[in-house]
Amino acid sequence: MSATAKTSALPKVRAATTSLAGCFGCHMSFLDIDERILDLMQIVEFDRSPLTDIKHCGPCDIALIEGGCCNAENVHVLRELRANAKILVAVGACAINGGLPALRNSLDVGDILNEVYRTPDGAASNVPKDPELPLLFDKVYPVNEVVRVDYFIPGCPPSGDTIWKFLNDLILGRMPRLDPQLMHYD
Amino acid sequence: MMAAENDVVARVLRRRAEPTQLLQILREAQEELGWISPEAARAIASALDVPVTRVQSVVQFYSFLYDEPCGRYRILFSDNITYRMLGNRGLFEHMLKRLKLKRGEVSADGAVSVDLTSCTGMCDQGPALLVNNRPVTRMTARRVDEICDLVRDGLPVSEWPADFFRVEDHIRRAGGLLGPRYEPGSALKAAIAFGRQGMLDEMKRSNLRGRGGAGFVTSVKWESCRNAPGADRFVVCNADEGEPGTFKDRVLLSSFAERVFEGMAIAGFVVGAGKGLVYLRGEYQYLLEPLEAKLQAMRRERLLGASICGAQGFDFDIEIHLGAGAYVCGEESALIESLEGKPGKPRIRPPYPVTVGYLGKPTVVDNVETLANATDIAIHGGRDFAGRGTRHSSGSKVLSVSGDCARPGIYEYPFGVRIQQVLEDCGAGDVVAVQISGPSGVCLTPDEFRRQIAFEDVPSSGGFMVFGKDRDVFNVARNFAHFFAHESCGFCTPCRTGTALIRDALDKIADGRGSRYEINELMRLADLLKRTSLCGLGQTAGNPIRDTWLKFRPAYERRLIRGDFDPAVDLDAALARAREISGRDDAGAHIDTHIGAKA
Amino acid sequence: MTPPDSTILIDDVPVPFEPGQTILEAALEAGVFIPHLCFHPELGAHGSCRLCNVIVNGRNISACTMKAASGQEIEVDTWLGESAQAYRRTLVQMLFVEGNHFCPSCEKSGNCQLQALGYDSEMMTPHFVEFYPHRPVDASHPDVLLDLNRCILCELCVRASRDMDGKSVFALAGRGMASHIVVNSPSGKLGDTNFSATDKAAHVCPVGAILIKRVGFAKPIGQRRYDLEPISEEATPRREVEEAK
């Protein structure tokens, strides 16, 4: 994809990104597109994203979601992006199946909280009660169990090349597909 | 293992010592012990010289075998849609409340547990339950109270009021099979007179097709078995009748047992089998004693055993095996697995049972009604039989009618009877739907009531459930979906997982959180299960949702949300545990689960 | 074109067969790939995974259980004109959501047949609502890990232990979605059995449920079995190759 005079005359594709219950590895992997980001910036403008630090999303074309939903705040953020984006993409294992955070799913979240906040003498638990804190769900939920998802990019993380291929396909109007070398769940 | 437990196990093992009898051994041990403890399982495994895991796999497969104590009184409410329509859930809740129990929970004193079970074949006299595998019919709130009192007082079930256990035949319309008075032995004598080949020819002329649902041509089955290589052969009577809404075999076994047994002997005569097995579903255990008595009487009259009716070389006897609560065992190869003391999982076919069946030998597996009809063919001849019914469906069909009708019960008609005729005869009023042949059959609308019960039009194994005009057909489909998920044997991927996904999707819709997304998923799953499942259970599991969505869309549409997607779970409920642990109930501790459904 | 007596047509390609072979066996021997999980050349057909479902003369059947016979026209990639990929993908998705298949930390990743079939069917997401079952991990054996989160109920270990090792270490218990592997020892633990890392049953698991200890991640990413070649293009018949662990 190269910058042309033609494409620079078109309105930019607006993209939003977020990491919910994710490690930001997928965001780091996105940045592995290295200097191709210069080409990308000719065509794409970022809305809400850790990269821009814009706090709330406006209407946009693509939303890239890293991480699953572990608490209520994740769902609020996810819903804002879903409501504003035409295309919503779940990126990486956590967004797609809950990933590593979802390893807690066969345990009781109450037991987990009590264990984590056990007082030093082990006698009781001091689970925070502050109303400003988001509460944990009983399980970590994949993004597609909370909102409708349009595309999925598997990987932990998907490589920069994989994300690049996907964005190319999507922005240029092709059906996104991954070659075998770009497709992996780990 | 406790001494008493030791004795029981030893006693059972003295009677039965083969691994193929494992299911019977476990049933009998459990009759006295109440459950199969790890020690009992080890003792049985050791005595049979099989790994203990073999015993575990059988115990954990069947609904009526328990590897945990389940109470001295194990009470199971029959939960098919027909019983729901009679108010069984209210009675179930009433009993739980009186006994202070949760569903499935064993009381602290170990006395009782109460749970639900699949249809027990008492739809014409429900609501019904099983207590320690004995059926109690005509349940009312008062009877619930009486049962709770009996449980509290510790009275043995054998001493409970006899009226609790009354099971009526309710034969409302008798035809060619149920109507005529029968002279015991007359069919056997007629078959002997025809000779083995002659009797097979009569079966061919009769065009009799299986009455259990599959509708296979019986004479083809018998001939294939007869011609299969090998010395030993078996005749198996499929009395598993697990299809919800079906209880016609129950009546045949209650009051026409000798015709079924003579039919088995005739099959044995034709195919060259010396042994017959009846696979009797666990829910009909109450029939075991009367059936054994009938067999004994027949043996005394030389209608069973060696040289039947004096015919040299015609030796045939019958053994009864009980099932233990698994609908899938109605499938003939799963049934054979169960007869061999294993979990009832269907076999790979080919080969079919007629060449490789029970113990690897050629085996005919026929439905109760099919075998009873063989006696009719012996007496009146095949041509006479073929002259009844329709051209492609000869003879009569015994229907078990239940649901919203004045006269539920047994109706026998020649094949070709129109559905509207049955509805008129049973006293159905304004009908919104009829489920023919159980959940694995079809759901018909009023403009289809002119159709005929016949293999070439609407085939039926006998179930005929009537839904009156105020019934919600969505609830019917949902009840059936729970049934299939509960009964899936778990062997093959699409059925094991697909029936669970279908059930969950319908539950989601019932919960007010379903959208067109769920409908699309359901149709896709129904298609996949039909194409790729190993046996009929999986292949037909999607039928109810497909039929009801296509023919009763408003029943779904009024439940769907406006948007095209709703979260998989109720997100506010998913915060409940964290609310509890952190002691919060403020606004931030809750979330609206439906936002985002407008996407 | 009617194929000669000992060939079948698979997606219009003539494939030879020996009498007695199943369609799957004939296909694999000829290098024609039909997805499968519960089949093993030394243990025979099982018929449970349903991945090998194909159309034969217009009907859906499993290729592992149907004997090859001349005149058969078999459709693998398209079924009566429409792509079969979506059906296979859905079966793989069902297996993924039924267990806890977390690839990033699994020692079998890159050598896993379930994962490879996910790639083969272009499974981008398990799609269905995850069941997140509670399944045990049994590390009691000194040499072999039993992690049932990954079990796909193919019963290869059951059959291998019973029919090849003569030990019957494993069995399948329960019904429906409650089906699970049980271990033949009084404690139910693998460490209390006579199971050995040299048993055939220790090496037949197509996924990461039975793993030899202390050899995890021996091959780096990029050099694992299915990094080198997609499962559909593997030249050598299944499982003859001693897997990279």
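First the proteins, then the strands, lettered A, B, ... as listed; each starts at 1.
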- Quick one: are C:L91 and B:T532 in side-chain contact, heavy atoms under 4.5 Å? yes

- Note on the structure: Okay, B:L529 and chain C: the region with an atom under 4.5 Å from a heavy atom over there is side chain

- Any B:K345 side-chain heavy atom under 4.5 Å of C:L172 side chain: yes

- Rounded to the nearest 0.5 Å, what's the gap from SG on C:C49 to CZ on B:F491? Could you check? 9.5 Å

- Task: Kindly indicate whether the side chain of B:Y62, heavy atoms from C-beta on, has any atom under 4.5 Å from the side chain of C:R175.
- Result: no

- Message: Less than 4.5 Å apart, side chain to side chain, heavy atoms only: is that true for C:H46 and B:I348?
- Response: no

- Item | Considering all heavy atoms, the nearest B:A500-C:M177 contact | CB-CG, 3.8 Å

- Query: Out of C:S62, C:G176, C:A171, which one racks up the most heavy-atom pairs below 4.5 Å with chain B?
  - Reply: C:G176

- Query: Is chain C contacted by the side chain of B:A45, its backbone, both, or neither, given a heavy-atom distance below 4.5 Å?
  - Reply: neither

- Message: Apply side-chain contact (heavy atoms from CB on, under 4.5 Å) to residues C:Y87 and B:D527 and explain how you reach the verdict.
- Response: CA-CA 9 Å; C:Y87 291 104; B:D527 181 43; 2.8 Å; yes

- Query: Can you find a pair of side-chain heavy atoms, one from B:V52 and one from C:N184, that are under 4.5 Å apart?
  - Reply: yes

- Task: Below 4.5 Å from any heavy atom of chain C, which atoms of B:E487 appear? Answer side chain, backbone, both or neither.
- Result: both

- Query: Can you say whether B:P343 sits under 4.5 Å from chain C via the side chain, the backbone, both, or neither, judging by heavy atoms?
  - Reply: neither

- Which region of B:D504, side chain (C-beta onward) or backbone (N, CA, C, O), has a non-hydrogen atom less than 4.5 Å from a non-hydrogen atom of chain C, or is it both or neither? side chain

- Message: Working note: B:T493 + C:L95, criterion side-chain contact (heavy atoms from CB on, under 4.5 Å); need CA distance, chi angles, decisive distance, verdict.
- Response: CA-CA 7 Å; B:T493 309; C:L95 289 169; 3.7 Å; yes

- Which answer fits B:R496, side chain, backbone, both or neither, if we ask what part of it has an atom under 4.5 Å from a heavy atom of chain C? both

- Task: Measure the shortest side-chain to side-chain distance between C:F128 and B:L525 over non-hydrogen atoms and say whether it is less than 4.5 angstrom.
- Result: yes

- Item | Close side-chain approach of C:N60 to B:K530, heavy-atom, < 4.5 Å | no

- Of all of C:R50, C:M66, C:R59, which one pairs up most often with chain B through heavy atoms under 4.5 Å apart? C:R50

- Let me know if C:I152 has heavy atoms under 4.5 Å from chain B in its side chain, its backbone, both or neither. backbone

- Note on the structure: In terms of heavy-atom pairs under 4.5 Å with chain B, the winner among C:E130, C:H180, C:H127, C:E155 is C:H127

- Message: The test is side-chain contact (heavy atoms from CB on, under 4.5 Å); show your working for C:M94 and B:L528 and say whether it passes.
- Response: CA-CA 11 Å; C:M94 285 174 162; B:L528 178 74; 3.6 Å; yes

- Query: Side chain, backbone, both or neither: which part of B:S533 has a heavy atom under 4.5 Å from chain C?
  - Reply: backbone

- Message: If you apply the rule side-chain contact (heavy atoms from CB on, under 4.5 Å), what do you find for B:T497 with C:Q93, and how did you get there?
- Response: CA-CA 10 Å; B:T497 317; C:Q93 287 170 330; over 6 Å; no

- Message: Does any part of the side chain of C:F131, heavy atoms only, come nearer than 4.5 Å to the side chain of B:L501, both counted from C-beta?
- Response: yes

- Note on the structure: If one checks every heavy atom of B:R524 against chain C at 4.5 Å, the contacting part turns out to be side chain

